[in-house]
Amino acid sequence: MNCLLYTWYGLPIVSKGWENFPVVTINGLGILLEFSFISIYLCFASSQEKKKVGLRLVGVITIFCCVGMISAFVLKTHHLRKLFVGCIGLVASIAMYASPLVAMKRVIKTKSVEFMPFYLSFFSFSASSLWLAYGLLSHDLFLASPNLVGSPLGMLQLVLYCIYRNKEHEQEEVKMEKGGVVIETLPNWDLEKNNNEHQIPLQNTS
């Protein structure tokens, strides 16, 4: 949704000429990548999940088509078109940047960064910061504003990663090996508890 709207935003129909050519190229590539991600998901998802994603996909395409037709045929000036498409794109971008909050909540709850990869957080922060600079330098608030949200959230993800990365190592599973074959995998505290529960008392042989 975000890539579709900002690709349309950068095209000469909405913007003046090719003033936002970098926006078109990066979001155009984003459309191809995201479409491939959705296609892979649909290949392996259950039939119920396919229906849910299919309905959402139809909804996204419908909204985009409505935005495109209104901006192209109803609004007559580039200023009004940018204002209309930019406002809707702003909402979509904020929703996109806010979506990692679910993963951040899970990290805090589980004290594990398994569901929040470092490189995803790092490049999200880097991209948001660079697009924020681009939007400010080009005096385009519709490009800068969503990244005012995305950049701090990306920084927060990196902070959480640094905090809980060490704790994940402390809770690392301990592998019990015998004869080179792993017979059980338990966390440190489970291993100690397991040993205490299954300890056989010494018998008096005197």
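Just so it is clear, the values below take in all heavy atoms, side chains as well, and ignore hydrogens, waters and symmetry mates.
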Check the surroundings of atom CZ in Phe35: do more than 12 heavy atoms from other residues, nucleotides or ligands lie under 6.0 Å from it?
no
Crowded around Lys50 NZ? As in, over 12 foreign heavy atoms under 6.0 Å?
yes
Mind checking whether Phe123 and Tyr119 have parallel, tilted or perpendicular rings, split at 30° and 60°?
parallel
Look only at the side chain of [X] and the backbone of [Y], and say whether a donor-acceptor pair between them is shorter than 3.5 Å.
X      : Y      : result
Ser128 : Phe125 : no
Asp140 : Leu136 : no
Arg81  : Ser15  : no
Glu19  : Lys16  : yes
Ser151 : Leu148 : no
Thr25  : Pro22  : yes

Considering all heavy atoms, the nearest Val113-Leu160 contact:
CG1-O, 4.3 Å
Minimum-distance pair of heavy atoms, taken over all atoms of Ser99 and Met96:
OG-O, 2.6 Å
Asn2 side chain to Tyr97 side chain, donor-acceptor N/O pair below 3.5 angstrom
no
